[in-house]
There are 2 protein chains.
Amino acid sequence: MTGRLNPNISVDCVVFGFDRDCLRVLLVEREIVFHGDTEKTVRDYKLPGSLVYNEELLKDAARRVLHDLTGIGGICLERYDVLDSLERMDNRVDRQWLEQTTGLSIERVVSVAFFGLVNLNDPLVSKVKDGARWMNLDETKQLPFDHSAIIERALAVLQQRLRVDATAFGLLPEKFTIAGLQQVFEVIGGEKLDSRNFRKKLKNFHFIVPLREKQRNVAHKPARLYSFDHKRFLQSRKSISFF
Amino acid sequence: MTGRLNPNISVDCVVFGFDRDCLRVLLVEREIVFHGDTEKTVRDYKLPGSLVYNEELLKDAARRVLHDLTGIGGICLERYDVLDSLERMDNRVDRQWLEQTTGLSIERVVSVAFFGLVNLNDPLVSKVKDGARWMNLDETKQLPFDHSAIIERALAVLQQRLRVDATAFGLLPEKFTIAGLQQVFEVIGGEKLDSRNFRKKLKNFHFIVPLREKQRNVAHKPARLYSFDHKRFLQSRKSISFF
DNA sequence: AAATCTTAGCGTACATATTACGCTAACTAT
DNA sequence: ATAGTTAGCGTAATATGTACGCTAAGATTT
């Protein structure tokens, strides 16, 4: 990457992993060594994030930082927040950590937050670098700093996107079942849906096209497979909202 | 304000002015002097914006910059976008202008965009500093740089807010008529509404409370006055959306 | 004083969405 | 054969959205 690190602007990434029946968040381990009477090492997990280069778009920086810290690349990231609190670097190891890591004297950092969403069954993303970890969403309520809040906000925005976007289909294979689609909405939306009403709703959406094919080797009545027609989706995009 | 200007972070403000039957945007004049064969001065209008101080929250910076450049203060501003294009300072007078104005050498500026909304009949905001001007929204399609696009995005976000927020009531006096409220939605939403259906919708919103009072001195049947009950609004806030 | 103009404000009919269910169908595992 | 499981259709009640007709109450005009 060209140029020098900008000491004032950073990015943070919240990557959600859809894991069939739960949501996870991608975090990276950080080691902090305290030089007190006795040397003591503490490990904690934080969101992947770092300073941006001067001649770098923020979304490029987010992708780079995510890839460098976790090994994950090629995913779609959306900007959703800006963190500018003056205290976020005070009284925190973050500041010291940033200065140690970057060699820069950090005065003030405004961080731009991004979020993304991947399917953890995709082998491209399920394997992460050493030190990175997919943590269950439920377990992220006690993260250091404001990272729990950052994740909470990201989830709220993701849930909004899901209602309006084609986001959900990005998690599914080419051919999927209605039940599979429903589970995406349930896991990310955080609530159970009535499968019969869910079906009915989809009937109006002509961009979800039934195939002649059916499931096989399942221990119950095999379900019809469907595919997502992106072209039709864009056409009928005027006034759609899922569940 | 404390500290030094941060050469990397700026704010831009889009302030909409509701003017009974149209929307305006607050712009500031900028003089550019070209030193060619003959000296030539060009004036254009831009959004109010400038660099932030190191020890300043972005929303405080936005308020400060807005007040300094236009004389308008005490309004609510909401962050809605981040402008990080690498070209936004290239080949543009903006860069030169910033360096002249601030005395700093500008390498890269990420700008955080805010928008606000005021009632132009409010004397506190209708009078602006010399060089500032309320321009009709229709006339802002040809502004220099990306400012037209910034305004367009701000309007889209404002329209979304209007559906969910109590934003509309901020433009109205304590006691208002249904027709008055409707006009807010029409002017900002950019489309006519059926007054009878609009009324019907409001019947369900118990935070719009009818008063015993009526209009006076109008050349038609006087309308009932209503007031907005913010406490009740917050209670019933779960699943409300206007028109 | 009567007619007219204008906006207020109620009501109706129809279409479309939402919610809460019952029920049968089709497959596998035992 | 039977039980267990999910697929997938249908129905009825309710809520919401849309397109109107019509009368009411004031000021203004004739």
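Excluded from the calculations below are hydrogen atoms, water molecules and symmetry mates; all remaining heavy atoms, backbone and side chain alike, are included. Quick caveat: nothing in here was measured; it's all calculated off a predicted structure. Letters A, B, ... are given to chains in the order of the sequence lines, protein chains preceding strands, and every chain is numbered from 1.
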- prompt: Can you check the Leu193(B) CG to dT18(D) P distance for me, whole Å?
  reply: 10 Å
field: Listed partners of Tyr45(A) passing ring pair (Phe, Tyr, Trp, His ring centres under 6.0 Å), at least two apart
entry: none
Closest to the Pro222(B) side chain, choosing from dG8(D), dG9(C), dA25(D): dA25(D)
- prompt: In terms of side-chain geometry, is the basic nitrogen of Asp81(A) or Arg79(B) positioned less than 4.0 Å from the acidic oxygen of its partner?
  reply: yes
message: Tell me the interatomic distance from Lys201(B), atom NZ, to dA15(D), atom C1', rounded to whole angstroms.
response: 11 Å
task: Send over the distance from Phe198(A) CZ to dG10(D) C1', rounded to a whole Å.
output: 19 Å
- prompt: At under 4.0 Å, does any side-chain N or O of Lys200(B) touch on OP1 or OP2 of dC10(C)?
  reply: no
query: Please give, in whole Å, the distance from dA7(D) C1' to Phe176(A) CZ?
result: 16 Å
message: Between Lys175(B) and Glu213(B) (salt bridge meaning N to carboxylate O under 4.0 Å), is one present in this structure?
response: yes
- prompt: Does atom CG of Asp130(B) have more than 12 heavy-atom neighbours from other groups under 6.0 Å away?
  reply: no
- prompt: Any ion pair linking Glu29(B) and Lys129(B) (charged N to carboxylate O, less than 4.0 Å)?
  reply: no
message: Is it true that, when you exclude Lys59(A) itself, more than 12 heavy atoms of the residues, nucleotides or ligands shown sit nearer than 6.0 Å to its NZ?
response: no
query: In whole angstroms, how far is the P atom of dA19(D) from the CD atom of Glu191(B)?
result: 11 Å
query: Considering only heavy atoms from C-beta outward, does the side chain of Tyr80(A) approach that of Val14(A) to under 4.5 Å?
result: yes
Side-chain-base donor-acceptor pair under 3.5 Å for Arg196(B) and dG11(C): no
- request: Please state how far atom CG in Asp194(A) lies from atom P in dT6(D), giving the value in whole angstrom units.
  value: 15 Å
message: Nearest whole Å is fine: how far is dG17(D) P from Phe205(B) CZ?
response: 8 Å
query: Picking from dG9(C), dT19(C), dC9(D), which would you name as closest to the side chain of Asn197(A)?
result: dT19(C)
query: Side chain of Asn204(A), base of dA17(C): donor and acceptor closer than 3.5 Å?
result: no
query: Can you list, by residue number, the residues of residues 210-221 of chain B that have a non-hydrogen atom closer than 4.0 angstrom to DNA chain C?
result: His220(B), Lys221(B)
- request: Round to a whole Å and report the spacing from CG of Leu181(A) to C1' of dG8(D).
  value: 15 Å
